[in-house]
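Here the structure is laid out as structure tokens; the discussion comes afterwards.
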There are 4 protein chains.
Amino acid sequence: MEFGDHKTIFLQIRDWLVDQILTGKLAPGDRIPSVRELAADIEVNRNTVMRSYALMEQEGIIDNRRGIGFFVSDQARQRLATDEKAQFIRDELPKLVHQAKVLRLTLADFEPLIQQLHENQNQ
Amino acid sequence: MEFGDHKTIFLQIRDWLVDQILTGKLAPGDRIPSVRELAADIEVNRNTVMRSYALMEQEGIIDNRRGIGFFVSDQARQRLATDEKAQFIRDELPKLVHQAKVLRLTLADFEPLIQQLHENQNQ
Amino acid sequence: MEFGDHKTIFLQIRDWLVDQILTGKLAPGDRIPSVRELAADIEVNRNTVMRSYALMEQEGIIDNRRGIGFFVSDQARQRLATDEKAQFIRDELPKLVHQAKVLRLTLADFEPLIQQLHENQNQ
Amino acid sequence: MEFGDHKTIFLQIRDWLVDQILTGKLAPGDRIPSVRELAADIEVNRNTVMRSYALMEQEGIIDNRRGIGFFVSDQARQRLATDEKAQFIRDELPKLVHQAKVLRLTLADFEPLIQQLHENQNQ
DNA sequence: GTGGTCTAGACCACC
DNA sequence: GTGGTCTAGACCACA
């Protein structure tokens, strides 16, 4: 776990798991690491991991089967794909446009992004 | 998810001033508002403004003349235009590409950004 | 804390900790006193200690783990030993030579320094 | 006048004049620049220059002949040579020794200083 | 008038 | 428990 990052740890964990789901490394129904497992792995307090899981459960991304563990919920992928996308376009994009303006960025500067967008289109 | 990305006040002040410089509203040599003035204007504590100014001075964006005030440094604009741009391409762009990938964003989603980039190009 | 010194408190704290590191009393990885602890110990405001720590973090001398504390960074000793030495030879030594010249100081006046230098050599 | 320096301006002026005296560029009896002259030259407030002169007068380095100007006092050079030297050995040297110790400086690092001291000796 | 430092006390989010 | 931010108010030295 990167302690240098300015994002708080429990959100880093959440984002990391969300990534796994969005990229298909974790599929609906899959079991995610137990709290104590993950806490030991990334050398972090169990409460911190617990907090991530609680947040994700409350977001409807994962389900908790008491005594067994946490599992990726059935609607997780779909829900994330739409919610996070909408949030991105609403919150991040305007900032991005503004930054592109004041920094006088060009299409060339965004080459890697453009390429990725084309790849997405062709799927 | 009310884990708001609300930036802290002293960073907002810094970013606001950086914007003024990058857009030419503040030119090198210009005096920026005194700590007391700005604090009164935006109804914020003097220490908070002071913290912004101290940060910017340390970044080499503004200079300080004892007992007189803070001034936009000569290299401010140039330094910002290059440093912030480089930092953006190094730090932000990869995240952006990754996000575009996992969220399966398309060129259409980025329409506003593309438009801005074209405008920049035509200047 | 010696209030007789002209230096401000937060810089005294920084210099005191730097000394501890350079002399090996604090090793990389060691936890330094929490902001509250130190503030209580030396009877100084928490914010003042915080300011020292923020400065040192920005200098790369110490790292911060959220909710846990500040730790001497891995490169701290090496970085200090080289940076501060280089800075001394670049900034302070010329002033010193100039002062020795205008004050017509002699080798005898610098006896204590010469002795220390010999001790350093024999280690 | 270097505004970037962290020493306060009126002390910079004082030190600059002291240097002129110690190096013989200004001799006892010489007239030093008038307050308004110097203020205009280095683009500084007259009060600031006046403060320097007042300090130096109080130190016995310069004399004020009302309506005429300030003049280097007869004992200026001698007085400075002894006072500043004593102060250096009492205040600065111990710090220097300590710094040499923690930074593990060697005789080689002080080569320029040693050379200057030898030159002083041979005069 | 300006910046600069410090205190005391509060509140927050996080581990 | 930890750091982090902010407020209110004070005092200082300097221009």
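Note on naming: letters A, B, ... go to the chains in the order of the sequence lines (proteins, then strands), and numbering restarts at 1 for each one.
As a whole-Å value, the separation of B:M50 CE from E:dT7 P is 17 Å. The CD1-C1' distance, from B:I62 to E:dG3, rounds to 11 Å in whole Å. Here F:dG3 presents its P atom at 13 Å from CE of C:M56, a figure rounded to the nearest Å. In this structure, CG of B:L55 is placed 14 Å from C1' of F:dT5, rounded to the nearest angstrom. Atom CD1 in B:I32 sits roughly 12 Å away from atom C1' in E:dG3 (whole-Å rounding). Distance CG (D:N47) to C1' (F:dC14): 11 Å, rounded to an integer number of Å.
The base of F:dG4 is not paired with the side chain of C:N64 by any donor and acceptor separated by under 3.5 Å. Evaluation of atom-type donor-acceptor distances gives a pair under 3.5 Å for the side chain of B:N45 against the base of F:dA8. Residue C:R36 places a side-chain atom within donor-acceptor reach of the base of F:dG3, judged by atom type and a 3.5 Å distance cut-off alone. Between the side chain of C:R46 and the base of E:dG9 there is no donor-acceptor pair of N/O atoms closer than 3.5 Å.
Taking only side-chain nitrogens and oxygens, C:R65 never comes nearer than 4.0 Å to OP1 or OP2 of F:dG3. For B:S34 and E:dT2, the shortest distance from a side-chain N or O to OP1 or OP2 is below 4.0 Å. Listed pair C:R66 / E:dA13 fails the phosphate criterion, with no side-chain N or O lying under 4.0 Å from OP1 or OP2.
A donor-acceptor distance shorter than 3.5 angstrom exists from the side chain of A:S52 to the backbone of A:F10, with no hydrogens or angles considered.
Across all strands shown, F:dA8 pairs with E:dT7; the Watson-Crick or G-U wobble distances both stay below 3.5 Å.
For B:T8, counting side-chain heavy atoms from C-beta on, the closest listed nucleotide (F:dC6, E:dC15, F:dC14) is F:dC6. Listed nucleotides F:dG4, E:dC15, F:dT5 differ in distance to A:I9; the shortest reach to its side chain belongs to E:dC15. With F:dG3, E:dC15, F:dG4 as the candidates, the nucleotide lying closest to the side chain of C:V35 is F:dG3.
Map D:F10 and B:L11 each onto its nearest nucleotide of DNA chain F; the residue landing nearer the 5' end is B:L11. Nearest-nucleotide positions on DNA chain F for B:R51 and D:T48 put B:R51 closer to the 5' end.
Scanning both residues, B:I32 and B:L26, for their nearest heavy atoms gives CG2-CD1, 4.0 Å.
Among the protein residues, B:Y53 comes within range of no part of the nucleic acid, since none of its heavy atoms lies under 4.0 Å from any strand.
For the pair B:R31 and B:F70, the cation does not sit on the ring face, since its NZ or CZ is not both under 6.0 Å from the ring centre and inside 45° of the axis.
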